[in-house]
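Structure first, commentary second.
The figures here come from the full heavy-atom set of this structure, side chains too, leaving out hydrogens, waters and symmetry mates. Source: prediction; values computed, not measured. Here is the naming used below: chain letters follow the sequence lines, and residue numbers restart at 1 for every chain.
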2 protein chains.
Amino acid sequence: MTGATTPARGRKRSEQTRLAILTAAYELTTEVGYPDLTIEGIAARAGAGKQTVYRWWPTKADVLLEALALKADLNVSTADQGSFDAELDAFLRDSAALMAFPGVVPVLRSLMAEAQRDADFRRRFQDGFLIKRRAALETIVERAAARGDKPAHLTAAFAADLVFGLIWYRVLATERLLGQDDITAIRRLLNEHPGEE
Amino acid sequence: MTGATTPARGRKRSEQTRLAILTAAYELTTEVGYPDLTIEGIAARAGAGKQTVYRWWPTKADVLLEALALKADLNVSTADQGSFDAELDAFLRDSAALMAFPGVVPVLRSLMAEAQRDADFRRRFQDGFLIKRRAALETIVERAAARGDKPAHLTAAFAADLVFGLIWYRVLATERLLGQDDITAIRRLLNEHPGEE
DNA sequence: GCTCATTCGAGACGTCACGTCTCGGAATAA
DNA sequence: TTATTCCGAGACGTGACGTCTCGAATGAGC
């Protein structure tokens, strides 16, 4: 229950090697694709030993999950902007911007795919990525509810399922990414009867 | 360009073996999980040779895709029921019923995961499954549009993205499947301002 | 400065499924 | 009958897996 579990003896973990491994994994994924990404390949490219990778990450997907946080800006805007619509718009723009980062879409696809195969990684992916994004959007919806600025019958959980569902379905099952017209359509749908234009 | 490409000589393909392979693949997936599903294992369980499997299916995912069509009812209702809401309701109920088939959810997850890793299979999965479901829902929306029974600004493509996005996101990223309350919420959202109750 | 725990790069090791290939036999149309 | 195709069975080389071992480097406690 104490914060300091280990007195910390011996040689310390090399931050330089850690970054080299994460960078190697991210770059290799874009070059050869996730299926041909191997722990051995990551270690070789990073100039590290296999055991060094296995010591800190259980699977190649975990390496990539951490690399994603390093290579792309995962922050999402949740600042109070006065209206539900404005905050929703900012959230959707942030999400679209994330997808525009080079290499992010293939990595996200690979991580979601791996989460279907490995139940343990699934939980880590949930905790380390999915629920953080969900929390941001749910914050926005709940603030709108407190403000009286939200459609009736729209729960935060359902709104999150809808928005993330659309984003992920586009990534996983189509070639079309989130565009300005999609953002417009979502805002129109989720706001109380928009009254046309 | 002709329909009959081959004069058909020699021994004919064994339908019995085909069914044994599909059944073995489906059952093995529920027993050991997709990652531990192997072509060798499928052939062994089916009492077939490896080459027999490789001759007819390029990957284990293709075997499973065909097995799904054999083991579950993939039909969706698109019959004209007079109103958009009634047809949407029927569609959603059919979709929920499909997920309730034993073993279907794990198989769907595996297929979508494989589609992220293998671009060729991705296309076959699109053509053999995804676009058929999309077409059914788009038919419903377009009929509603012709009927004047559809919310303005709601295109068939966007409606399909929303509905399938929700369904797939639930399957892939959460543990919650589509329930009656979800069906109600979608109907309320997609119909022209429901006017509360 | 000495000790000892820990991480480091490097690579050997047995295991397992991959996808290809070969074999002899069975089925079927010409 | 003959040519062709599919069948079950399994051998084969390949490559990544995850574990293990090694000697060197590092760094905190004494």
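- Side chain of B:Ala48, nearest nucleotide from D:dG8, D:dG18, D:dA28: D:dG8.
- Between A:Glu142 and A:Arg147 there is no salt bridge, since none of the side-chain N atoms of the basic residue sits less than 4.0 Å from a carboxylate O of the acidic one.
- In the displayed structure, A:Arg123 atom CZ is contacted under 6.0 Å by at most 12 heavy atoms of other residues, nucleotides or ligands.
- Remark: P of D:dG10 and CD1 of B:Ile42 are 18 Å apart, rounded to the nearest angstrom.
- For CD of B:Gln16, the number of neighbouring non-hydrogen atoms (other residues, nucleotides, ligands) closer than 6.0 Å is 12 at most.
- Side-chain proximity of B:Lys50 to the nucleotides C:dT22, C:dG19, D:dC7 is greatest for C:dG19.
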Report task. Check step by step if ring-ring contact (aromatic ring centres under 6.0 Å, His included) holds for A:Phe164 and A:Phe91. Result -> CA-CA 11 Å; A:Phe164 288 111; A:Phe91 177 87; 5.8 Å; yes
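- Of the side-chain N and O atoms in A:Thr52, one or more sit less than 4.0 angstrom from OP1 or OP2 of C:dG9.
- An OP1 or OP2 oxygen of C:dA27 is reached within less than 4.0 angstrom by no side-chain nitrogen or oxygen of B:Ser14.
- Where B:Arg13 and A:Gly10 meet DNA chain D, the nucleotide closest to each residue was compared, and B:Arg13 sits on the side nearer the 5' end.
- OP1 or OP2 of D:dC7 sits under 4.0 Å from a side-chain N or O of B:Arg55.
- Rounded to a whole Å, the OH atom of A:Tyr54 is 16 Å from the P atom of C:dC8.
- Of the residues near DNA chain C, B:Lys12 and B:Thr59, the one whose nearest nucleotide (by heavy atom distance) lies more toward the 5' end is B:Thr59.
- Residue A:Trp56 has no polar side-chain atom (N or O) positioned under 4.0 Å from OP1 or OP2 of C:dT6.
- Regarding B:Arg11, its CZ atom lies at a distance of 12 Å from the C1' atom of C:dG24, rounded to whole Å.
- Per the geometry, CD belonging to B:Glu15 stands 21 Å off P belonging to D:dT5, to the nearest Å.
- In terms of phosphate contacts, B:Thr38 brings no side-chain nitrogen or oxygen within less than 4.0 Å of OP1 or OP2 of C:dC16.
- Across all strands shown, A:Gly41 has no heavy atoms under 4.0 Å from either base or sugar-phosphate atoms.
- Atom CD of B:Gln51 is separated from atom P of C:dA26 by 20 Å (rounded to the nearest Å).
- Within 6.0 Å of CD in B:Glu15 there are more than 12 heavy atoms belonging to other residues, nucleotides or ligands.
- Rounded to an integer number of Å, the gap from OH of A:Tyr34 to C1' of D:dA16 is 14 Å.
- Mapping B:Ile21 and A:Glu40 onto DNA chain D by nearest heavy atom places B:Ile21 closer to the 5' end of the strand.
- Atom CZ of A:Arg9 and atom P of C:dC8 are 18 Å apart (whole Å).
- In this structure, the CZ atom of B:Arg18 is 12 Å from the P atom of D:dC7, given to the nearest Å.
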